[in-house]
Amino acid sequence: MKTTPRFLIVVLSAGALTVAAGCGHDDAERSPASFKPVPVTVVGVERATAGQAIDVRGIVQPARVANVSSRAMGPVVAVHVTAGSAVDKGQELLEIQPEAAEGQLAQTEGALAQAKAAHALAERNYGRFEALHAEGAASDLELDMARMEFDRALGAVEQAEGAVEAAASVAGESVVRAPFSGRVVETLVELGDLAAPGRPLVRVESTEGQQIWLTVREADIGRVKLGQSLGVTIDARPDVGVIDGTVDETAPSADPATHTFTVKVGLPGTTLPTGLSGRARIAGDLTDRLVVPASAIHRRGGLELAVVRSEDGTARTRAVTTGRTLDDDRIEVLSGLDEGDKIVIDVPGPLADGTPLEVNR
């Protein structure tokens, strides 16, 4: 039977001790107690009384929208604008072939001329009967009949004059103009399409006086007053920032299906695409809550973490649950911290438990 030489056992034992000693040295170097103190800024967890802000959503709407039509009838012969075109009040939008309207105007002017001629004849005839009646050569009935013909002719003239004014107005609508300054949303006809009275031709909306129409729950409508200032943000336009809006109008009744009210908030100094979604915040009830600076909360892998300075001056990382972010860049803490806890606010992420902390003075 072979035996292991004694010198080999001694060598192996010495090597094992050397490895064990080396491992112990590495652990000592990596322990938190051996870390260099980290300079930090520490604040206390506070209890604050603040309003529970209520978010309400809405859609950007123009102050005025018009589906422009014309009373003139005929084919469209020119379209001067396209969707998105900026227009001034009175600017030409399109033209309708004017022959039909001009022909109607000519007919009414001819009828007016005939009515004036008949009126002149009736007036002279009435004058003659007045003279004959004064001499006793005409009866009262004949004088009354002459007066009736005169009055009838006068009425015909007034009627013809009204028809001329109406026809001239319609003829003037052969050129369709913008009813107010704004922008073209959509052209609803093409060249050659038949324009008819009441048919929309161009849709125009104003760019001044835009509003956001907020949908407010019936439980919250009492918090909104006319003239109240509300900060409005537009979801798709963070570059616009917070718009200082003013409540212009509140619907007097609620929607029976949704139990909500429509609140119209003016957006001064902005020109936004219609239909964008946005939101505003309404102040809610005052409540007590624990708050910390938002910079004290670190989010890692779906967890919310905060670094607390323990009594021995080292770091302790705790999992927390947060609520709303307040207007002063503080955040509500629902669990994980207590009032008076000292938390670190200026580190880029969680620290290993036991890391010594050096508080900045």
Side-chain angles (χ1 to χ4, degrees), residues 61-130 143-210 271 274:
Q61 301 283 1
R64 301 174 65 185
V65 179
N67 290 323
V68 185
S69 60
S70 173
R71 290 176 295 165
M73 186 171 182
V76 176
V77 295
V79 179
H80 302 301
V81 294
T82 59
S85 298
V87 294
D88 296 323
K89 182 178 180 180
Q91 180 176 332
E92 293 185 7
L93 302 178
L94 55 84
E95 296 179 32
I96 302 170
Q97 193 175 65
E99 280 77 0
E102 290 176 352
Q104 183 68 28
L105 176 60
Q107 289 180 354
T108 57
E109 288 175 341
L112 175 60
Q114 292 177 357
K116 286 182 176 180
H119 174 261
L121 177 60
E123 185 177 19
R124 291 194 298 270
N125 190 50
Y126 177 53
R128 285 194 293 267
F129 271 97
E130 279 186 320
L143 180 61
D144 291 341
M145 291 295 292
R147 183 184 296 111
M148 182 187 71
E149 290 298 327
F150 171 73
D151 292 340
R152 180 183 297 173
L154 179 60
V157 169
E158 293 176 349
Q159 184 177 8
E161 288 175 343
V164 169
E165 291 179 1
S169 176
V170 172
E173 292 186 18
S174 294
V175 176
V176 180
R177 302 180 183 274
F180 49 78
S181 299
R183 62 187 168 201
V184 175
V185 179
E186 185 179 8
T187 56
L188 304 173
V189 291
E190 301 290 342
L191 287 177
D193 285 352
L194 180 65
R199 177 184 179 181
L201 305 174
V202 180
R203 181 175 295 117
V204 179
E205 66 178 21
S206 62
T207 52
E208 295 184 359
Q210 284 187 312
T271 303
T274 300

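Atoms considered below: every heavy atom in the structure, side chains included; atoms not considered: hydrogens, waters and symmetry mates. Throughout, residue positions are numbered sequentially from 1 according to the sequence presented.
A heavy-atom distance below 4.5 Å is not found between the side chains of Asp144 and Met148. Within the 4.5 Å cutoff, the side chain of Leu188 has no heavy atoms near those of the Val202 side chain. Residues Val79 and Glu190 have side chains not in contact (no heavy-atom distance under 4.5 Å, counting atoms from C-beta outward). Contact annotation: the side chain of Thr274 approaches that of Glu205 to within less than 4.5 Å [non-hydrogen atoms, C-beta and beyond]. In this structure the side chain of Lys89 reaches within 4.5 angstrom of the side chain of Ser181, judged on heavy atoms.
Other residues, nucleotides and ligands contribute over 12 non-hydrogen atoms within 6.0 Å of the CD atom of Glu186. Atom CD of Glu130 has more than 12 heavy atoms from other residues, nucleotides or ligands within 6.0 Å.
For the residue pair Val164 and Thr108, the shortest heavy atom distance occurs at CG2-O, 3.3 Å. Of all the heavy atoms in Ser206 and Phe180, the pair that sits closest is N-CE1, 3.5 Å. Among all heavy-atom pairs drawn from Ala178 and Val87, the shortest one is CB-CG2, 4.0 Å. Minimum heavy-atom separation, Pro75 to Leu194: N-CD1, 3.9 Å. Heavy atoms only, all atoms of each residue included: Arg177 and Gly90 are closest at NH1-O, 3.2 Å. When all heavy atoms are compared, the tightest approach of Leu201 to Ala195 is CD2-CB, 4.1 Å.
Remark: Glu123 CD to Leu121 CG distance equals 10.5 Å, nearest 0.5 Å. Here the CG atom belonging to Leu93 is positioned 8.5 Å from the NE2 atom belonging to His80, to the nearest 0.5 angstrom. Between atom CG of residue Leu112 and atom CD of residue Gln107 there is a gap of 13.5 Å, rounded to the nearest 0.5 Å. Put simply, CE on Met73 and CD on Gln97 are 12.0 Å apart, with the number rounded to the nearest 0.5 Å.
A donor-acceptor contact shorter than 3.5 Å links the side chain of Ser70 to the backbone of Glu173.
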